[in-house]
Amino acid sequence: MKERDTVRNIIEHVGGKENIKKAWHCMTRLRFDLYDDSLIQHEKVKQLTGVIGEQLQSDQYQIIMGTNVQKYYSLLVEELGIDEIDESEQESNKKKGLFSRLLDVVSGVFGPIVPAIAGAGMVKGIIAGLIALNVLSADTETVKILDLIASSVFYFLPFFIAASAAKIFKTNQYLAIAIAAGFMYPTLNDAAKLGEVSQFHFIGLPIPVINYAGNVIPVILSIWALSFIHRLVDKYMPSVLKTVFTPTLTLLIGLPFALIVSGPLGSYVGKGLAFIVQSLFDISPVLAGVVMGGLRPIEIVFGVHHAMTPIALQNFADKGYDMLMPMMFMTNMAIAGATFAMFFKAKSKAEKSIILSATISALLGITEPALFGVLIKNRKSFIGCSIGSAIAATFFAIMGVRIYGYILSSIVSLVAYVGPYFTYALIGIAIAIGTSFVITYFAVKNNKENPHSNFTLKEIG
């Protein structure tokens, strides 16, 4: 099996099993936390079948595999025997910066749960489209069940976040879910919805009444705190009492701490981040569009684009809508436009086939094959896609285009815009694809005319 051979070679070229501290994946990338980054054989990794690109970003090694990443990750798990490895046996000698650690946490937490929130978001978009087209009535039981399917994931998002964060912080997954359950208990959430009580009290300490449904950062911070509490309790608990009293004491300390300290703190942090983004729109929609749209391709290249996910989810939780995800949609369309322009610059049938495949992939929301396989090999094409993204995002910002549920930024997502923003969505797509295509087409010379161009492609997968 060629995929297994690729995985075995990846392990070898990153320094072997003993050099891998942690491995996980997002939608298109294998991500590694290595003990010694100097052991990476970058050129050999790039040449492996199935590898689209690789980079060491903020002490995190990323190998871009495209939409087949799950298959490669499953084989990686088998080869590493991850379930049998105690990751706490060794400690990395690397001192990571704050940004590196935050990147690890965000990508590690959201990567595994993206399929659930993307699938639920797509269902939400389909519902909105069918209602707007009068295919279904909002009052029917069918719509209520469909909304249950779509909204349940977002309402109970703290449970998903807790389970995923527990793996990142290496603590008990079920105790983590218990913390999320505390956040979601009706006594707290119902009081928050009614707005009649501002706080409860626990042994004299105030517990702010906050609706944590759909919240992200409070849960992440609380599970991080839980990891320390659990280790500390377990360290001093006599062995004969650990089975019963370690989880008991951990919950008695961890859950009140979450409700009194880390939960409210995380809520304020999330609202603060959302406020900063909203301030860009308030200062100038043009500024917001240029910043958010223009930087998005760079964020994807460096693998830090997941940093926007908590802010978007916070917007959904607080406002019921978000204006960042429509801009992400425009970026993907711009990437597709610039990539398609390169189709007309390629000379061989093999190159054209690969570029066309990458273009279709970008239209469907998976942009890494286009970015790493085509655009970053020619800086003018990358600039073209960035400009197209900025212009289209600015148009969306000016028109106030928003979306009411998390959804994958693909052409299929257009159904979610059916309604008052549908015309703007169509115009935005035309702007994103059109401007990036035109700029790239006229800025990039044909291979024949530019013998020094580094525009070369290799077979993907």
Side-chain angles (χ1 to χ4, degrees), residues 26 57-58 60 96-111 113-114 117-118 121 154-155 157-158 160-162 164-165 168-169 180 183 192 208 210-225 258-259 261-300 302-331 393 396-397 400-407 409:
C26 58
Q57 173 62 29
S58 299
Q60 181 188 108
K96 289 193 173 187
L98 177 62
F99 180 76
S100 298
R101 294 196 296 270
L102 287 175
L103 178 61
D104 283 352
V105 170
V106 173
S107 62
V109 168
F110 285 100
I113 66 174
V114 161
I117 58 179
F154 296 100
Y155 184 84
L157 190 61
F160 294 85
I161 297 294
S164 189
I168 299 300
F169 297 125
F183 281 133
I210 299 171
N211 184 358
Y212 289 104
N215 270 259
V216 171
I217 297 178
V219 184
I220 294 176
L221 285 180
S222 297
I223 304 309
W224 178 55
L259 294 174
V261 182
S262 55
L265 176 62
S267 179
Y268 300 142
V269 170
K271 291 179 186 299
L273 292 173
F275 174 77
I276 292 172
V277 172
Q278 183 60 49
S279 297
L280 282 177
F281 288 89
D282 294 338
I283 294 171
S284 169
V286 174
L287 175 64
V290 170
V291 171
M292 296 298 176
L295 293 180
R296 183 68 180 176
I298 300 174
E299 292 172 4
I300 298 173
F302 287 105
V304 299
H305 50 301
H306 287 302
M308 292 293 105
T309 303
I311 301 176
L313 291 171
Q314 186 71 44
N315 285 336
F316 289 129
D318 291 345
K319 306 175 183 177
Y321 65 85
D322 173 62
M323 292 188 290
L324 287 179
M325 296 205 70
M327 293 183 174
M328 300 175 194
F329 180 26
M330 291 298 95
T331 297
F396 263 28
V401 177
R402 57 188 63 172
I403 197 167
Y404 295 90
Y406 188 102
I407 193 168
S409 299

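Keep in mind that the numbers below use all heavy atoms, side chains included, and drop hydrogens, waters and symmetry copies.
Scanning for salt bridge (charged side-chain N to carboxylate O under 4.0 Å, His left out) contacts around Lys271 gives Asp318, with sequence neighbours left out. Legend: residues meeting side chain to side chain contact (heavy atoms under 4.5 Å, CB included) with Pro264, ordered by chain and number and at least two apart, are Pro208, Ile210, Tyr212, Tyr268. For the side chain to side chain contact (heavy atoms under 4.5 Å, CB included) test, residues two or more places apart in sequence or in another chain that qualify with Ile311 are Leu273, Val277, Met308, Asn315, Leu324. The side chain to side chain contact (heavy atoms under 4.5 Å, CB included) test applied to Ile168 returns Lys22, Val105, Val109, not counting sequence neighbours. Residues satisfying the side chain to side chain contact (heavy atoms under 4.5 Å, CB included) criterion with Ser284, sequence neighbours excluded, are Val286, Leu287.
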Scan the side chains in residues 213-225 for donor-acceptor partners under 3.5 Å anywhere in the protein, sequence neighbours excluded, and list what turns up.
residue	atom	partner	partner atom	Å
Asn215	ND2	Asn211	O	3.3
Ser222	OG	Pro218	O	2.8
Ser222	OG	Ser262	OG	2.7

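Contact detail for Phe160 and Ile113: the closest heavy-atom pair is O-CG2, 3.9 Å. Here the closest non-hydrogen pair linking Ala397 and Met327 is CB-CE, 3.5 Å. In plain terms, the two heavy atoms of Phe316 and Ile403 that are nearest each other are CE2-O, 3.3 Å. Nearest approach of Val401 to Met323, heavy atoms of both residues: O-CG, 3.6 Å. Of all non-hydrogen atoms in Met325 and Ser409, the two that sit nearest each other are O-OG, 3.8 Å.
Taking CD1 from Ile300 and CE from Met328, the interatomic distance works out to 9.0 Å, rounded to the nearest 0.5 Å. The distance from the CG atom of Leu280 to the CD atom of Gln278 is 9.0 Å, given to the nearest 0.5 Å.
Within the 4.5 Å cutoff, no side-chain heavy atoms of Phe183 are placed close to those of Ile161. Using a 4.5 Å heavy-atom cutoff, the side chains of Lys319 and Arg402 are not in contact.
Using a distance-only test at 3.5 Å, with no hydrogens or angles considered, a donor-acceptor pair links the side chain of Ser279 to the main chain of Phe275.
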